Amino acid sequence: MVPEYKKIRLKFSKLGALKFISHLDLDRTMKSAITRSGVKIEYTHGYNPRPHLVFSLPAALGIGSVCEFLDIKAADISPDDVKDKLNDALPPDLRIIEAYEPESDFRQIATSAYIITAISPDIGDGTPDQIKEMFKKPVVIEKRTKKTESGTMPFDISPYVVVKYCEFDKVKLTLGVNAAASNSVYINPEYIVKAICSELSIDMTDPNTSLYTVLRTEVFFENGQLFR
Amino acid sequence: MFYKDTLLKQVLKPGRYTGGEFNQVIKDPEQVKCRFCFAFPDTYEIGMSNLGIRLLYGSLNEDPDVYCERTYAPWVDMEDQLVKNGITLSSHETGTPLCDFDILGFTLQYELCYTNVLNMLRLGHIPVLSSERGEDDPIVIGGGPCSYNPEPLADFFDVFSIGEGEEALVEFAHLYIDMKASGQYDRRKFLYEVSKVPGFYVPSMYEVTYNEDGTIKSFCPKYDGVPAKITKRIIKDFDKAYFPEKPVMPFIECVQDRITLEIMRGCIRGCRFCQAGMIYRPIREKSPSVLNEQAKRTYENTGYDEISLCSLSTSDYTGLRELTDGLLSWTDDRMISLTLPSLRADSFTDELMQKVSSVRTTTLTFAAEAGTQRLRDVINKNITEEEVIRACKVAFAAGKTAVKLYFMIGHPTETDEDIAGIAELCKHIIDAFYEVEDRPKGKPQITMSVACFIPKPFTAFQWEGQDPLPEFRRKQQLLGHLCSDRRIKYNYHDADGSIIEAVLARGGRKLCRVLLEALDRGMKFDAWSEFFSSEKWFRLFEDCGVDVKFYAERKRETDEILPWDMIDCGVSKEFFIRERKKAYEGRTTPSCAEQCAGCGANRLGGECTWCPNTKK
Ligand code: SF4
C-alpha cells in the first residue's frame, strides 16, 4: 500500500556552530538526521531519489535563529512524534521547537524580526534617538549583487528596516529591528549592523575587544501577523 | 564554539573551525588523566575524510582516562586572523590551545604537508624543535605512512609511532599517565621509556654519522636499552579491531563524507613501485559478517546514504560477493549506494557493474601504470593489455563512453618505446569501443592520466634514481606528440612537484634544516597548487646547500645505509633486493593469492589470509 504522506512544518532553531554553515550544508545535516531518526519521509522522484525537504528563506550565514522553517512530508506519524524523534537525532545546536500541519506557504513571509547585540568600547557615545533618526533618512549600503561588475551596488535599506527599540548600556548596544525578508526583498541584517557601526564610528573587526551577534526571533506575514 | 563570531565572520568557510559536529566526543577535561589532540596538517575538509583519524580518535576516546580532541591546519585567512589577534591555534572540542595538551599527534599522509606540520606547531605556540621543548610543552608524536621514513622530520618530533596506531597509541597514553602518576615523569625519562616500547621511534635517542660523500656512515642508539631496530606494530585480529561506528559528521561538505568500511589491510599484489602495498602487510581481511554489522550500526549512528568499500585492491577481497550481497539486502530499500574506490581491470565484471552504484554512475578508472608488457613486468603490475581492453569493453557494453587510465612515467628501465606504448594502449581502447556491438551512441573519451615515478622507501625501487626534470619533461612532451587523437584527453602535472616529493621521501635528518628554513620563509600548503612553488623549493634547497640530485636522482647501492633502515616494516630488505633483481630481469612475482613470495611480513604474526604461519 502506498503510504499517505501529509505535510508537516517544523519550526527550528539554528545556533552556535550551525550559524556558520551554508544552506546546502544545513540541508545535508537535516537529511542525515531525518534518516537517523527513523522518521519515514517522502523522497523526490527520479533517477536519484533524495529526501524531499523544503526550507523557508534561511537566516544569512553567521546569524543565529530561533525561527526557521522546514516542510517535510511524513506518513503515519503525528507532528509531535516527528519533533521528538528528530530532536533525538539532531546535533545540539539544531532544535525542533514546534511541529504542525501548516496552512500557509513560505512565499507569504514578508518580514523578519532580529535582535542585534553589539559590544565594543566605542559604543558609549551613541543615543537611541540617533539610531532611530538614522533610518528616517536614506541609508545607502553596498549591496552584494551578481549584476554589476564590482559585485556590489548602492542600495537604500531604510524603507525596509523598522527600528523597534534600542538600548545603550556603556559598552553594549541592543537593538530590535524588523527587516524585509521576502523572496523579492531580503535585507541581510549584517547591512544594518554595518550601517550603524559606520554611523557611530565603531570598529567591529577586532575579536579581542568587540563582538556582535544577530538573532532572528520571529517572521511575519505581510499584515504583520506572526507567520505560521 | 570557541573562536568568536567576530573572527569567524571574517574567514571563508567558518564551518571549518566551529567544531560542535554530530558525534563529536565531549568529556570533562578535568576528569581525564591524559589530554591528547590529533592534528591533521591539511584543511578540515581533507582531514575529516581521513579514515585513520576516525579510527584513532575513536579508539583513544574509548579509554575513559584519555580525552582525544581534533585540530586541522587553518586556511591562510584564518591563520592571518589568529596571528593578527594573538590567538593560539586550538582544538575543536574544547577550544584548548595546542600548547596546553599533554600529547599532540600529527598524522603524516604525504610529504608535501611537512611545512604545514611546522606551521601548526608555531600557531599552536609550541617550540618547533623537539630539543627546545620544556617540561610543560606537549609531547609531539607523528604517525601515518610518512613515518616510515621520519628522518626529514626528526628534529621536530619527540617520537614517532611506527605502524598501526589503534592499540599502540592507547598504550602510549597509558605509559604517560603511569609515569605522571608515579611522579617519575620528566620529558627525557619518558621518551627514553617510550623508545623501549615496540613500535616507537624516538629520534633523539639515536646518533647518525656521515661519510664524506654525504651518505650515512653509522646509525646507532645512544643509550643502553634503546633498540637498534624499531618493528612496526600491527593489529593481529582485524575482526576484533576497533572500528569507529560513530564517526564525527562534518557540517560542511568534505572530500569524503560517507561510511567507509576498511575491508582489508595490505595488498596481495606487490607492485614494485608501491609503498602502500608493502607497509600495510601482512594481509588481513575482515570477515563479511563483521563488516555488514559495522556498516549497519554506522548507518544507524550517522544516516549516511553511501558506503564505500575501501582497501588497496578491493576486488582481491575474498569475501567480496558475500559482503556485497549482504549489504545490498538492506541498503537497496534504504537508498544507500555502494562505492568502490579501486578496481583492477582483471577482476572487473558485469556483476560488479550491476551491484556497485559508483561503478554505474562515475567514470571508470583503471590503473595500467605502464604502456608495454615488458615494463609492466618490470614493475610487477601483473595485468595484460587484453585484460585492460576486456574491462573497457564491459564498461562500453554497459553504456559508458568514457574511461580513465592511470599511468606513470619514469619507471626504472623505461625507454621511449614504453612511452609510445601508453599512447598505443589508449588507441587500442578506442578501437575496442567500436568493436563493441551494443556500444552507446557517440564517441569514446579516454582520459590518459600520467604521473611521475617517485622512488619510495620500503619498495623494491627504493634504491633507484629518479629521472631528472628535463627527462620527465621530454617524456611528457613526447607522449603529447604521440597522442594527437581528440578522443584521448591527456592529463599530467609538471614534474617538479614529484622531484621535491622524492627528495623529502628519501631524505635524511639533514633535511630538517631545510624544513625549518621553509617555515621561516612562510611556506605552507604545498599540496595545494595555489601555494606550491617549485621555484621556492629549489631556491630553498640551494640556499641550504642541499643537492637535489643527491636525494632524487642518485642511484643507491644496495649496501648503503638508508635513512629508514632502523625501521622494520615487516617486509625484509632481502625481499626488496630479490624483487629489484627480478625487475631488472623483467621477471614477475605472482600475487600472494597464487603463491607466497616470502616477503617476510608474516613474521609479524596476526590472522592473515594468505601468509604462511610462522608465529601465532
Ligand atoms: S608473507 Fe607471503 S603471503 Fe604474506 S604478504 Fe608476504 S609474500 Fe604475501
Side-chain angles (χ1 to χ4, degrees), chain A residues 14-41 43-44 46-51 60-64 86 88-94 117-120 190 193-194 197 203-215, chain B residues 1-24 26 44-45 78 80-82 84-87 92-93 95 246-254 257-259 297-306 331-337 357 360-361:
Chain A
K14 177 170 89 97
L15 302 163
L18 270 306
K19 288 190 291 199
F20 290 103
I21 69 169
S22 68
H23 187 56
L24 211 71
D25 294 330
L26 177 68
D27 186 72
R28 280 185 321 112
T29 302
M30 275 292 183
K31 275 176 190 158
S32 56
I34 291 169
T35 310
R36 287 194 295 271
S37 74
V39 172
K40 298 254 168 314
I41 70 162
Y43 272 59
T44 57
Y47 182 66
N48 193 6
R50 303 248 144 216
L61 205 77
I63 291 168
L86 261 179
D88 285 342
L90 281 166
D93 289 334
L94 272 183
T117 320
I119 295 173
S120 163
E190 296 277 345
V193 178
K194 279 210 183 97
C197 287
D203 173 22
M204 271 293 168
T205 56
D206 182 351
N208 288 320
T209 56
S210 60
L211 174 70
Y212 72 89
T213 56
V214 183
L215 181 69
Chain B
M1 218 171 52
F2 306 94
Y3 297 118
K4 286 189 189 153
D5 281 25
T6 324
L7 190 94
L8 292 174
K9 280 180 188 158
Q10 294 176 51
V11 298
L12 286 168
K13 302 198 193 169
R16 286 167 166 168
Y17 312 105
T18 55
E21 305 96 327
F22 191 73
N23 284 338
Q24 118 178 330
I26 294 297
Y44 176 81
E45 294 94 309
M78 183 63 169
D80 286 347
Q81 291 293 330
L82 294 177
K84 195 169 89 192
N85 296 300
I87 299 168
H92 268 51
E93 279 76 4
K246 287 188 175 180
V248 182
M249 295 180 69
F251 290 130
I252 66 171
E253 189 155 9
C254 287
D257 198 9
R258 55 173 88 113
I259 298 171
R297 281 200 294 271
T298 316
Y299 169 75
E300 282 158 13
N301 290 328
T302 59
Y304 277 134
D305 58 4
E306 189 179 335
T331 52
D332 231 22
D333 326 332
R334 292 179 173 80
M335 309 204 210
I336 303 167
S337 54
S357 40
R360 289 197 298 267
T361 53

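Since this is a predicted model, take the numbers as computed values, not measurements. Letters A, B, ... are given to chains in the order of the sequence lines, protein chains preceding strands, and every chain is numbered from 1.
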Which heavy atom of A/Ala17 sits nearest a heavy atom of B/Gly19, and at what distance?
-> CB-O, 3.3 Å
Gap separating the CZ atom of B/Phe251 from the CG atom of A/Leu26, nearest 0.5 angstrom | 9.5 Å
Can you say whether A/Leu61 sits under 4.5 Å from chain B via the side chain, the backbone, both, or neither, judging by heavy atoms?
-> side chain
Between B/Ile87, B/Asn301, B/Asp257, B/Thr6, the one whose heavy-atom pairs under 4.5 Å with chain A are most numerous = B/Thr6
Close side-chain approach of B/Met249 to A/Ser32, heavy-atom, < 4.5 Å = yes
If every non-hydrogen atom of B/Pro250 is compared with every non-hydrogen atom of A/Arg28, which pair is closest and at what distance?
-> O-NH2, 4.1 Å
Lys NZ or Arg CZ of B/Lys9 over A/Tyr212 ring: under 6.0 Å, within 45° | yes
Nearest heavy-atom pair of A/Ala89 and B/Phe22: which atoms, and what distance?
-> O-CE1, 3.3 Å
Can you name the salt bridge (charged side-chain N to carboxylate O under 4.0 Å, His left out) partners of A/Lys14, sequence neighbours left out?
-> none
Would B/Ile252 and A/Phe20 satisfy side chain to side chain contact (heavy atoms under 4.5 Å, CB included), going step by step from the backbone distance to the final call?
-> CA-CA 9 Å; B/Ile252 66 171; A/Phe20 290 103; over 6 Å; no
In this structure, NZ of B/Lys4 is separated from CD1 of A/Ile119 (nearest 0.5 Å) by 9.0 Å
Do A/Arg36 side-chain atoms and B/Thr302 backbone N/O form a donor-acceptor pair below 3.5 Å?
-> yes
A/Leu24 portion near chain B, given a 4.5 angstrom heavy-atom threshold | side chain
Side chain / backbone / both / neither for A/Thr29 at chain B, heavy atoms under 4.5 Å | side chain
Can you tell me how far the CD1 atom of A/Ile21 sits from the CD atom of B/Glu253, to the nearest 0.5 Å?
-> 11.5 Å
Less than 4.5 Å apart, any side-chain heavy atom of A/Lys19 and any of B/Asp5?
-> yes
Carboxylate-amine/guanidinium contact A/Lys31 B/Asp305, below 4.0 Å | no
